[in-house]
Amino acid sequence: MFEIRVITDPADTDRVTAALSAAFDTGPARRYPTRDGKRTRLYVTADHRPEPGPWPTPEEAYALAPSVIREIGWTAQTAADKPFGQDLGREFWLRKAALLDRIALRDEEDGAPGDAVVAATEAARRLIAYDRDGEGHYHGTPYWPEHPATTANPRGYVRQEYAAFV
């Protein structure tokens with residue numbers, strides 16, 4: 001465990017605190033004005049994040065998932081019922097990404113990966129972007145949206161989040 005001290009512009013304190021939280025396992029930031037009162041001193045107790053474990057397997061992630069047909073229906077109905085200009089929400093993006101991942105897994109089993117794999121990967125990236133830019137309602141264990149392993153394996157991130165969802 002170690003202590004981090006940062007002197008920053010008061011307008012940047014939330015961004016600095018968020019960046020430290022993304023890089024380390026941190027406690028709450030303590031804020032104090034500098035002597036001149038123009039900047040803020042941040043003190044954060046931090047520790048290195050533990051090494052993440054493996055991604056959940058598809059069998060682990062989708063063990064309790066509804067059938068693919070049912071998820072296709074739910075996804076289509078949710079998209080069709082969405083009022084114009086309203087966000088579909090995290091559940092939609094998670095379930096859509098998981099659905100496309102399950103379809104891509106079947107294609108990969110058949111030895112003919114193609115468009116389904118591309119669609120599943122793009123849907124996974126959309127979920128990651130949503131989680132990165134959203135209100136932080138993701139599971140994030142062991143990999144959070146900004147983690148380099150998430151970028152390298154977006155479909156693994158979907159499985160992790162779906163396993164925590166169901």
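Here, residue 1 is the first one in the sequence, and each next residue gets the next number.
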Chemist: Mind checking what makes side-chain contact (heavy atoms from CB on, under 4.5 Å) contact with D81, not counting sequence neighbours?
Modeler: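 For D81 the side-chain contact (heavy atoms from CB on, under 4.5 Å) partners, ignoring immediate neighbours, are Q77.
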Chemist: Where the side chain of T150 meets the backbone of E146, is there a donor-acceptor pair that is under 3.5 Å apart?
Modeler: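 No, because the side chain of T150 does not come within donor-acceptor range (under 3.5 Å) of the backbone of E146.
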Chemist: For R31, does the CZ atom have more than 12 heavy-atom neighbours from other residues, nucleotides or ligands under 6.0 Å away?
Modeler: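 Correct, the count exceeds 12.
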Chemist: State plainly whether one hydrophobic cluster holds both V166 and L105, where clusters connect Ile, Leu, Val, Met, Phe, Trp and Tyr through side-chain heavy atoms under 4.5 angstrom apart.
Modeler: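 Linked, V166 and L105 end up in one cluster.
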Chemist: If you define the side chain from C-beta out and look only at heavy atoms, does anything of F2 sit under 4.5 Å from H48?
Modeler: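 Counting from C-beta outward, F2 and H48 do come under 4.5 Å.
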Chemist: Only one of R90, R95, R155 passes salt bridge (Lys or Arg N to Asp or Glu O under 4.0 Å) with E161; say which it is.
Modeler: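 Going through the options one by one, the only one that passes is R90.
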Chemist: Nearest 0.5 Å, what's the CZ-CZ distance between R30 and R41?
Modeler: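 That separation rounds to 11.0 Å.
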Chemist: Which distance, rounded to the nearest 0.5 Å, do you find between the CD1 of I103 and the CD1 of I72?
Modeler: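 These two atoms lie 4.5 Å from each other.
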Chemist: Do T78 and K96 come close enough that some side-chain heavy atom pair is under 4.5 Å?
Modeler: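 T78 vs K96: side chains apart.
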Chemist: Between L64 and W74, is there a shared hydrophobic cluster once you connect ILVMFWY residues whose side-chain heavy atoms come closer than 4.5 Å?
Modeler: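 Yes, L64 connects to W74 through the hydrophobic network.
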Chemist: Tell me who clusters with Y32, hydrophobic residues only, linked when side chains sit under 4.5 Å apart either directly or through other members.
Modeler: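 Taking Ile, Leu, Val, Met, Phe, Trp and Tyr as members, Y32 shares its hydrophobic cluster with Y43.
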Chemist: To the nearest 0.5 Å, how far apart are CG in L99 and CG in L94?
Modeler: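 The distance works out to 11.0 Å.
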Chemist: Taking atom CZ of R132 as the centre, report whether more than 12 heavy atoms of other residues, nucleotides or ligands fall under 6.0 Å from it.
Modeler: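 Count over threshold, so yes.
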Chemist: Between atom CD1 of I7 and atom OG1 of T34, what is the distance when rounded to the nearest 0.5 Å?
Modeler: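 Rounded to the nearest 0.5 Å, the CD1-OG1 separation comes out at 7.0 Å.
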Chemist: Going by the rule side-chain contact (heavy atoms from CB on, under 4.5 Å), which residues pair with T8 if we only count those two or more places apart in sequence or in a different chain?
Modeler: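 T8 satisfies side-chain contact (heavy atoms from CB on, under 4.5 Å) with V6, D12, T13, V16, L42 only.
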Chemist: Mind checking whether Q160 and Y138 have side chains closer than 4.5 Å, heavy atoms only?
Modeler: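 Sidechains of Y138 and Q160: no contact.
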Chemist: With under 30° as parallel and over 60° as perpendicular, where do the rings of W55 and Y157 fit, or are they tilted in between?
Modeler: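 The rings of W55 and Y157 stand perpendicular, inter-plane angle above 60°.
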Chemist: Which residues pass the ring-ring contact (aromatic ring centres under 6.0 Å, His included) test with Y62, sequence neighbours left out?
Modeler: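 Testing Y62 for ring-ring contact (aromatic ring centres under 6.0 Å, His included), a comparison that skips the adjacent residues, returns Y162.
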Chemist: Once you round to the nearest 0.5 Å, how far does CZ of F92 lie from CG of D87?
Modeler: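 The CG atom of D87 is 10.0 Å from CZ of F92, to the nearest 0.5 Å.
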Chemist: Checking R159 now: which residues fulfil side-chain hydrogen bond (donor to acceptor under 3.5 Å, both in side chains) with it, not counting sequence neighbours?
Modeler: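 For R159 the side-chain hydrogen bond (donor to acceptor under 3.5 Å, both in side chains) partners, ignoring immediate neighbours, are D101.
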Chemist: CE of M1 to CG of D25: how many Å apart, nearest 0.5 Å?
Modeler: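 Here the interatomic distance stands at 7.5 Å.
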Chemist: Between I4 and F24, is a side chain to side chain contact (heavy atoms under 4.5 Å, CB included) present by the stated rule, with each step listed?
Modeler: CA-CA 10 Å; I4 299 172; F24 301 103; 4.0 Å; yes
Chemist: Between side-chain atoms of residues 116-128 and protein atoms elsewhere (two or more places apart, or another chain), which donor-acceptor pairs fall under 3.5 Å?
Modeler:
| unit_1 | atom_1 | unit_2 | atom_2 | d |
| --- | --- | --- | --- | --- |
| T121 | OG1 | V117 | O | 2.9 |
| E122 | OE2 | R125 | NH1 | 2.9 |

